[in-house]
Every structure is written in structure tokens, then in C-alpha cells.
Amino acid sequence: MKHCISWDCHMHSSFSSDSDSDMEDMIKSAVKKGLDGVCFTEHFDPDYPPTPDGLEFSLDIPAYRARLCELKEKYKNQICVRFGIELGLQPHLQASLPSLVREFPFDFVIGSSHLVHGYDPYYPEFFQNRGEARCYREYFESILENLNAFSCMDVYGHIDYIVRYGPNKNRFYSFQAYEDILTAILEKIIQKRIGIELNTGGFACGLGQPNPCEEVLLAYRRLGGKIITIGADAHTPDRAAFAFDRAAHILRTCGFTHYTVFDKREPVFLPLL
């Protein structure tokens with residue numbers, strides 16, 4: 001089955017601490033779904049705090065790369081497989097993360113905000129005894145802090161990730177409610193000549209919208225943004241290319257005619273079919 005979007009550029013396997021899926025199974029699923037290519041973007045979140053479920057978000061990059069290269073060769077006649085990473089950004093990592101990116105020949109680097117001043121909103125404790133709106137704004141402010149500290153990524157990942165886990169999710173969330181800070185984020189992204197991603201994980205979490213939501217995508221396009229990658233944020237094979245037809249419809253509605261994939265850190269623009 002062919003998709004309007006033929007590349008999934010945000011994918012995890014058991015090399016990421018929050019996935020138990022074999023990399024080869026992820027590739028087989030992508031092949032079965034008719035994709036032309038995938039980019040694995042395994043998690044690397046240094047200084048991630050202890051979690052109730054014992055996740056560490058460290059990454060054995062040499063082992064990851066070796067396995068990916070092996071499978072890339074094995075499946076070269078069926079699908080293109082690229083080497084990426086998802087960096088968990090925190091301002092105090094300003095020196096170490098760019099050095100790591102230079103050390104390895106990544107095709108694609110996502111910079112993401114998973115932690116807000118040391119706390120992950122994935123866990124309900126982040127919201128305890130605090131207003132949801134205050135927590136959302138603090139998250140967006142932390143993105144701007146990271147953008148002021150880093151330029152080593154190709155796109156900024158799932159900009160409104162926090163909305164997946166808020167007590168009311170996106171019931172009271174809108175671009176207009178945070179327009180000032182979200183506009184500042186988008187302007188900084190465009191100024192740095194990096195892009196954003198449309199992450200369909202929002203659909204998987206029941207938001208009825210991707211991350212970021214359609215209003216943010218519209219604002220990005222209106223401000224002149226052009227670089228936009230598409231990823232399902234899949235941690236299991238069944239989630240590869242999840243809701244990509246819906247993503248293509250939203251992109252067209254927002255005025256995009258192309259989406260982006262990265263090859264050796266260079267953007268390639270592909271038409272929305």
C-alpha cells in the first residue's frame with residue numbers, strides 16, 4: 001500500500017530505552033506498508049533523571065550504527081534506511097551534544113524537548129499542584145531556551161509534545177492561547193534555518209491532531225517555514241507510518257506542497273503525492 005508520504009523519518013527500536021522492538025521488525029513493517037524509506041532516530045537523553053520504570057535513555061551509538069548498516073545493506077533493494085538520532089536537549093548540554101553530532105555520520109538529527117528543567121511531563125507528577133496552562137507555558141519557554149543554546153539539529157521535534165500528557169490533553173490548548181511564545185519559537189527556528197516535524201504520535205495519543213497541531217503548522221507556513229519532516233514516532237512495528245494519510249491532508253490544507261527528508265544532513269524536498 002503506497003502512502004502520499006513515503007518516508008517515515010522518526011522511528012525507534014530496542015536501541016532506544018523506551019522500545020522493545022527489533023530494528024529488523026521495524027524495517028519489515030515499513031516495507032510491508034509500502035514506504036520508500038525510513039530514518040531511525042534513536043533516543044539520546046543525557047542526564048535523564050531516574051524514572052519509576054527505570055528508563056535511562058542512554059544510547060550505544062557504535063552498536064546502533066553497526067546494526068543499522070547491516071540491515072541497510074540487507075534491505076537495500078526493498079527500502080532505504082538512514083541513520084539518525086533524537087537528541088534530548090537541555091541548555092547545560094550545549095557543549096557536549098554538538099561534539100557528539102560531529103563525531104558520527106548521521107543523516108538526520110532531531111532536537112527534542114523531553115525534559116522541562118529536569119522533569120519529564122510524560123509523568124503525571126509534573127502537573128501535580130500546578131495549573132496545566134502554567135506547565136504548558138513553561139514547556140514552551142524551555143524550547144526557546146534550547147533554541148538559544150543549540151543549532152546542531154536539523155529539525156525541532158514534536159513542538160507541543162507536552163499536550164499528549166496534560167491532565168486535559170488538548171481540550172483547552174490552542175495556538176492562540178500561547179501565540180506569543182509559539183510564534184517566537186517558530187521565528188527562531190526559521191532564523192536558524194532548521195525545520196520542524198509533523199509527528200503523528202499526537203493521533204496515536206488520541207489528540208485528533210498531530211504534534212504540533214494544525215494551527216502551529218499553519219503559523220509556521222505563514223511565517224515562511226518550508227522544512228518539514230514527517231514521522232510517526234513509532235516504537236512498535238504497527239505504528240510505522242501511522243496516520244500518514246491524515247498528515248498529508250493536513251499539510252495540503254496548510255499550504256505545503258512538499259515535505260522534507262534528510263540525507264547526510266542535507267534537506268531533500270519531496271512532493272506530496
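Owing to the predicted nature of the structure, the values given are computational and were not obtained by experimental measurement.
- Here ring-ring contact (aromatic ring centres under 6.0 Å, His included) pairs that include residues 133-155, with residues two or more places apart or in two chains, are Phe140-Tyr178.
- Residues Phe126 and Cys135 form a side-chain contact, since some pair of their non-hydrogen atoms from C-beta on lies under 4.5 Å apart.
- Leu198 contributes atom CG, which lies 12.0 Å from atom SG of Cys9 (distance to the nearest 0.5 angstrom).
- For His249, the NE2 atom counts as loosely surrounded, since its 6.0 Å shell holds 12 or fewer non-hydrogen atoms of other residues, nucleotides or ligands.
- More than 12 non-hydrogen atoms from other residues, nucleotides or ligands lie less than 6.0 angstrom from CD of Gln78.
- When each of Asp160, Asn170, Asn199, Thr200 is tested with Asn211 by the rule side chain to side chain donor-acceptor pair (under 3.5 Å), just one qualifies, namely Asp160.
- Salt bridge annotation for Arg164-Asp233: present, with a cationic side-chain nitrogen under 4.0 angstrom from a carboxylate oxygen.
- Below 30°, between 30° and 60°, or above 60°: for His12 and His10 the angle between ring planes is above 60°, a perpendicular geometry.
- Looking at heavy atoms from C-beta onward, Leu59 lies out of side-chain contact with Asp45 at the 4.5 angstrom threshold.
- The distance from the CE atom of Met26 to the OG atom of Ser13 is 7.5 Å, given to the nearest 0.5 Å.
- Cation-pi geometry between Arg221 and Phe256 is satisfied (NZ or CZ under 6.0 Å from the ring centre, within 45° of the ring normal).
- The structure places CD of Gln191 at 9.0 Å from OG of Ser151, a figure rounded to the nearest 0.5 Å.
- For the pair Arg265 and Asp154, the salt-bridge criterion is met [side-chain N within less than 4.0 Å of a carboxylate O].
- With rounding to the nearest 0.5 angstrom, the SG atom of Cys205 is 5.5 Å from the NZ atom of Lys169.
- The environment of Lys192 atom NZ is dense: over 12 non-hydrogen atoms of other residues, nucleotides or ligands sit within 6.0 angstrom.
- A 6.0 Å sphere centred on CG of Asp180 holds more than 12 heavy atoms belonging to other residues, nucleotides or ligands.
- Within a 6.0 Å sphere centred on CZ of Arg252, other residues, nucleotides and ligands contribute more than 12 heavy atoms.
- At least one side-chain heavy atom of Val38 sits under 4.5 Å from a side-chain heavy atom of Ile79.
- A donor-acceptor pair under 3.5 Å is absent between the side-chain atoms of Ser113 and the main chain of Leu115, judged by distance alone.
- By the rule that hydrophobic residues join a cluster once side-chain heavy atoms approach within less than 4.5 Å of another member, Tyr165 and Phe172 end up as members of separate clusters.
- At a threshold of 4.5 Å between non-hydrogen side-chain atoms, the residues Val155 and Ile196 do not count as touching.
- For the pair Glu86 and His158, the minimum side-chain heavy-atom distance is below 4.5 Å.
- In Arg130, the CZ atom is crowded: over 12 heavy atoms of neighbouring residues, nucleotides or ligands sit closer than 6.0 Å.
- Leu251 places a side-chain heavy atom less than 4.5 Å from the side chain of Ile228.
- Atom CG of Leu182 is separated from atom CZ of Arg137 by 8.0 Å, given to the nearest 0.5 angstrom.
- The shortest side-chain heavy-atom distance between Leu87 and Cys152 falls under the 4.5 Å cut-off.
- The backbone N or O of Phe175 sits less than 3.5 Å from a side-chain atom of Glu215, completing a donor-acceptor pair.
- No donor-acceptor pair under 3.5 Å is formed between the side chain of Thr229 and the backbone N or O of Val261.
- Figure legend: Arg246 and Phe203 shown as a cation-pi pair, the cationic atom lying under 6.0 angstrom from the six-membered ring centre and within 45 degrees of its axis.
- Among residues two or more places apart in sequence or in another chain, the ring pair (Phe, Tyr, Trp, His ring centres under 6.0 Å) test is passed with Phe57 by His43, Tyr48.
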Side-chain donor-acceptor contacts of residues 94-102 below 3.5 Å, not counting sequence neighbours, with atom names and distances?
{"unit_1": "Gln94", "atom_1": "NE2", "unit_2": "Ala149", "atom_2": "O", "d": "3.2"}
{"unit_1": "Ser96", "atom_1": "OG", "unit_2": "Leu93", "atom_2": "O", "d": "3.4"}
{"unit_1": "Ser99", "atom_1": "OG", "unit_2": "Ala95", "atom_2": "O", "d": "3.2"}
{"unit_1": "Ser99", "atom_1": "OG", "unit_2": "Arg102", "atom_2": "NH2", "d": "3.3"}

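- If you take CZ on Arg67 and CD on Glu42, they are separated by 12.0 Å, rounding to the nearest 0.5 Å.
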